[in-house]
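Take a look at the structure set out below.
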Amino acid sequence: GTRVGLYYRPSRLNPQDLRVFNSSNGLPNKSVECLFEDRSGTIWIGTRKGVCRYVDGKIIQDSALQNLTPVHDFTEDRDGNLWIGADNGVLLWTKSSPNPHLYRYSTADGLSDNSVRSLVEDTEGNIWIGTYYGGLNRLKRGMFSRIEPSMGLVNRAVELLNLLSVDTTEEMAVEEE
């Protein structure tokens, strides 16, 4: 994914077969911010103006996932739901249900900052959320808690999370990049 579209080579054996996707042939916006492959093999594409999927050689757009602010990250929880980190908060796409729904968590729900840059689920099913200005958040049983510089976080801007370990005391080692 690039700022001018998504480039895909279906076969390493044929380097001449290069497919390009942009706003004229399926993407909500040509600027691809992130890519994520879920357990079913679907490729989720986050752009500056929404989300789409790459399935069986085609770009598929879901109307509920369009016109979102820039999308920065995805993670899939243990129930197969898709979590989307965007500039307007955390979005939960319950794609596993017969009628998918989109839920939004924001500062009104306790999130420290709406500009969500990174997401990861830990072994206990908690969702860890890195924000641009509000530090690190944990969503546990529907409640947000916040970790910030006064608690040992190096910086309020948490752009990328790599979950290293979680122990039984709920302490977490996080690598910030």
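We're numbering straight along the sequence, starting at 1.
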Is it the case that E33 and S31 place a side-chain donor and acceptor less than 3.5 Å from each other?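 Checked: E33/S31 side chains pair up, N/O donor to acceptor below 3.5 Å.
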Could you list the residues that satisfy side-chain contact (heavy atoms from CB on, under 4.5 Å) with D87, not counting sequence neighbours? T69, P70, H72, S115, R117
Excluding sequence neighbours, so at least two apart, what forms side-chain contact (heavy atoms from CB on, under 4.5 Å) with S23?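 side-chain contact (heavy atoms from CB on, under 4.5 Å) check on S23 returns K30.
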Report whether L119 and Y103 are members of the same hydrophobic cluster (ILVMFWY, side-chain heavy atoms less than 4.5 Å apart, transitive linking).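 Yes, because L119 and Y103 connect within a single hydrophobic cluster, where side-chain heavy atoms sit under 4.5 Å apart.
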Is L35 reachable from I59 through a run of I, L, V, M, F, W or Y residues, each pair having side-chain heavy atoms under 4.5 Å apart?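 Yes, it is one cluster - the side chains of I59 and L35 are joined through contacts under 4.5 Å.
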Value rounded to 0.5 Å, distance of CG in L82 from CD in E76: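 One gets 7.0 Å once the value is rounded to the nearest 0.5 Å.
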Side-chain touch [X]/[Y], heavy atoms, less than 4.5 angstrom:
X	Y	result
D62	V51	no
W93	W44	yes
N88	N114	no
L136	T131	no
C34	F74	yes

Set of side chain to side chain donor-acceptor pair (under 3.5 Å) partners for T42, sequence neighbours left out: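 S40.
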